[in-house]
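Before any comments, here is the structure.
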Amino acid sequence: MHNPTYRGVLPASVASGELWPQISALLERSLPYGRGEYELGDIRAGVADGQLLAVARVEGGTVRFVVVCSLVIYPRKRVLYIQQGAGEQGVDLADTVRRVATELECDWVETRTRESVARLYRRAGFDIGYCVPILEVK
């Protein structure tokens with residue numbers, strides 16, 4: 001990357017290209033906590049084709065955190081939805097996704113996560129807006 005420090009939406013070609021080894025290593029740690037929605041190949045393909053956005057903090061060519069997001073458009077709201085994430089998350093993550101959401105003219109940032117990570121999000125200024133009940137049908 002030309003800029004050794006970067007915060008925001010990574011260009012798809014960079015996220016799915018030169019930074020993919022670091023991004024995939026981080027995301028691989030978070031996949032076991034999901035419910036099987038994604039495999040790494042799904043995320044890479046989604047980022048490469050623009051269906052998913054890789055929002056990251058990169059310092060000196062090292063990815064410190066990445067969250068993979070989608071833009072959800074409801075009839076009356078635009079939402080930056082964090083699908084998956086990993087790395088050194090904290091206030092900088094909240095500031096970065098807030099700025100990206102503002103640039104994309106979103107009304108809010110939303111995610112779903114396990115309770116231990118939700119506590120980290122709360123400390124970064126997130127409110128709890130929904131509870132997500134799940135009924136497995138298989």
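One distance of note links CD1 of Ile43 with CD of Gln51; it measures 14.0 Å at 0.5 Å rounding. Of the inter-residue distances, the one linking Tyr121 atom OH with Leu93 atom CG reads 5.5 Å to the nearest 0.5 angstrom. In this structure, Cys69 SG and Glu110 CD are separated by 11.5 Å, a value rounded to the nearest 0.5 Å. One finds the CG atom of Leu80 at 11.5 Å from the CG atom of Asp107 (value rounded to the nearest 0.5 Å). Between Phe126 atom CZ and Arg98 atom CZ the span is 7.0 Å, to the nearest 0.5 Å.
For the pair Leu26 and Val63, the minimum side-chain heavy-atom distance is below 4.5 Å. Using a 4.5 Å heavy-atom cutoff, the side chains of Leu19 and Val58 are in contact. Leu52 has its side chain within reach of Tyr38: a pair of non-hydrogen atoms, C-beta onward, lies under 4.5 Å apart. In this structure, the side chains of Ile82 and Val68 stay at 4.5 Å or more apart for every pair of heavy atoms. Between Ser70 and Tyr81, the closest side-chain pair of non-hydrogen atoms falls below 4.5 Å. In this structure, Leu53 and Leu104 have side chains that are in contact, with non-hydrogen atoms separated by less than 4.5 Å. Annotation: side chain of Val79 is not in contact with side chain of Val109 (no heavy-atom distance under 4.5 Å). Between Thr96 and Phe65 the shortest side-chain heavy-atom distance falls below 4.5 Å.
Residues Ile73 make up the rest of the hydrophobic cluster containing Leu71, defined by ILVMFWY side-chain heavy atoms closer than 4.5 Å, directly or through other members.
In terms of the salt bridge (charged side-chain N to carboxylate O under 4.0 Å, His left out) criterion, residue partners of Arg57 (sequence neighbours excluded) are, by chain and number, Glu59, Asp92. Every residue meeting the side chain to side chain contact (heavy atoms under 4.5 Å, CB included) condition with Ser13, not counting sequence neighbours, appears here in chain and number order: Pro11. Glu103 meets the salt bridge (charged side-chain N to carboxylate O under 4.0 Å, His left out) test with Arg99; sequence neighbours excluded. Checked against salt bridge (charged side-chain N to carboxylate O under 4.0 Å, His left out), Arg78 has no partners two or more places apart in sequence or in another chain.
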(request) For side chain to side chain contact (heavy atoms under 4.5 Å, CB included), just list the numbers for Tyr74 and Val72, CA-CA rounded to whole Å, side-chain angles, deciding distance to a tenth of an Å, and then say yes or no. (result) CA-CA 6 Å; Tyr74 297 103; Val72 180; 3.5 Å; yes
(request) For the pair Leu10 and Ile23, evaluate side chain to side chain contact (heavy atoms under 4.5 Å, CB included) and give the outcome as yes or no after the intermediate values. (result) CA-CA 11 Å; Leu10 292 171; Ile23 289 171; 3.9 Å; yes
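For the residue pair Ala54 and Val66, the shortest heavy atom distance occurs at CB-CG2, 4.2 Å. Minimum interatomic distance between Gly8 and Val100 (heavy atoms only, all atoms of both residues): CA-CG2, 3.9 Å.
Tested against Leu27 for a side-chain contact (heavy atoms from CB on, under 4.5 Å), the candidates Gln83, Gln84, Gln22 yield a single pass: Gln84.
Under the salt bridge (charged side-chain N to carboxylate O under 4.0 Å, His left out) criterion, the residue pairs touching residues 21-38 are Arg35-Glu136, Glu37-Arg112, with sequence neighbours excluded.
Without hydrogens or angle criteria, Asp127 side chain to Gly129 main chain gives no donor-acceptor distance under 3.5 Å.
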